[in-house]
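Source: prediction; values computed, not measured.
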Amino acid sequence: MSIPRNPTEQQRNFFQDVHEVVRLVPVGRVTTYGTIAHYLGARHGARMVGWAMMAAHTANEYVPAHRVINRNGLLTGKQHFATPTAMQEALEAEGIRVIDDQVQDFKRLLWDPATELE
DNA sequence: ATCCTGACCACCT
DNA sequence: CAGGTGGCCAGGA
């Protein structure tokens, strides 16, 4: 899978929407692909959120991609970071405990824009 | 055009 | 209750 060289208007908007939501995630909290998809109206599958995240490192503004994990609290996207440990280290630097790719106390740390943002 | 695969998830056996 | 399946949309072979 790769990022489109010349994204359509629709794709750029989708990327920006996803990135914007991710930037709203508070330090020390996490959110999930599915949550974002649902918040954006579920018009795109959760897979598309993950797809948009691949464009995170090419975005103009910083996107804390390490705060986006899957619904089980697993760091499924860590392979896409500069190093395999970068994601976990970024989370731990914010006070989040990660053991064996699993965010501890994940349920309490979960940040859902639909309910937290209003 | 067809089939496969993907930073996923909800639903159905 | 665990594993399988389909759906989501897009891109590459």
### Query
Touch check for Ala65(A), heavy atoms < 4.0 angstrom, all strands: base, sugar-phosphate only, or nothing?
base
### Query
Any idea which of dA7(B), dC9(B), dA10(C) is nearest the Asn70(A) side chain?
dC9(B)
### Nearest-Å distance for atom pair CD/P, residues Gln88(A) and dA7(B)
19 Å
#### Entry: Separation of the C1' atoms in dC4(B) and dT5(C), to the nearest angstrom
16 Å
### Message
Please determine whether a side-chain nitrogen or oxygen atom of Thr76(A) lies at a distance below 4.0 Å from atom OP1 or OP2 of dC8(B).
### Response
yes
### Task
Identify which nucleotide among dA7(B), dA10(C), dC9(B) has an atom closest to any side-chain atom of Phe81(A), counting heavy atoms from C-beta outward.
dA7(B)
#### Entry: Whole-Å P distance, dC12(B) and dC8(C)
15 Å
### Message
Does the plane of the ring in His66(A) sit parallel, tilted or perpendicular to the ring in Tyr62(A)? Use 30° and 60° as the thresholds.
### Response
tilted
### Query
Between His38(A) (NE2) and dC11(B) (C1'), how many Å, whole number?
15 Å
#### Entry: Same-atom distance (C1') from dA10(B) to dC1(C), integer angstrom
16 Å
### Message
Please report the distance separating the P of dA7(B) from the corresponding atom of dA13(C), rounded so that it comes out in whole Å.
### Response
16 Å
### Message
On the nucleotide dG11(C), are OP1 or OP2 found under 4.0 Å from the side-chain N or O atoms that Gln11(A) carries?
### Response
yes
### d(CZ, Phe15(A); P, dA7(B)) in whole Å
14 Å
### Between dA10(C) (P) and His44(A) (NE2): distance, integer Å
7 Å
## Note on the structure
Rounded to whole Å, CG of Asp101(A) lies from P of dC8(B) at a distance of 13 Å
### Message
Between P on dA10(C) and CG on Asn13(A), what's the gap in Å once rounded to a whole number?
### Response
13 Å
### Query
Is the ring centre of Trp51(A) less than 6.0 Å from the ring centre of Tyr33(A)?
no
## Note on the structure
Correct closest heavy-atom pair for Val68(A) and Met53(A) would be CG2-CE, 4.0 Å
Check nucleotides 1-7 of chain C against the protein and report each pair of N or O atoms closer than 3.5 Å, with its distance, or say if there are none.
{"unit_1": "dG7(C)", "atom_1": "O6", "unit_2": "Arg47(A)", "atom_2": "NH1", "d": "3.1"}

### Summary
One should read off an interatomic distance between Met87(A) CE and Lys78(A) NZ, to the nearest 0.5 angstrom, of 9.5 Å
### Query
Would you find more than 12 non-hydrogen atoms of other residues, nucleotides or ligands less than 6.0 Å from Asn60(A) atom CG?
no
### Summary
Re dG6(C): Watson-Crick or G-U wobble partner, both distances kept under 3.5 Å, found to be dC9(B)
### Task
Take atom OH of Tyr39(A) and atom C1' of dC8(B), then tell me their distance rounded to the nearest Å.
20 Å
### Task
Can you spot which of Val63(A), Ile36(A), Thr31(A) makes a side-chain contact (heavy atoms from CB on, under 4.5 Å) with Val25(A)?
Thr31(A)
### Message
Show the nearest heavy-atom pair for residues Ala65(A) and Ala56(A), with the distance to one decimal.
### Response
CB-CB, 4.5 Å
### For the student: nearest non-hydrogen atoms of Thr32(A) and Asn70(A), plus distance
CG2-O, 3.6 Å
### Task
Measure from CZ on Phe14(A) to P on dG11(C) and round the result to the nearest Å.
12 Å
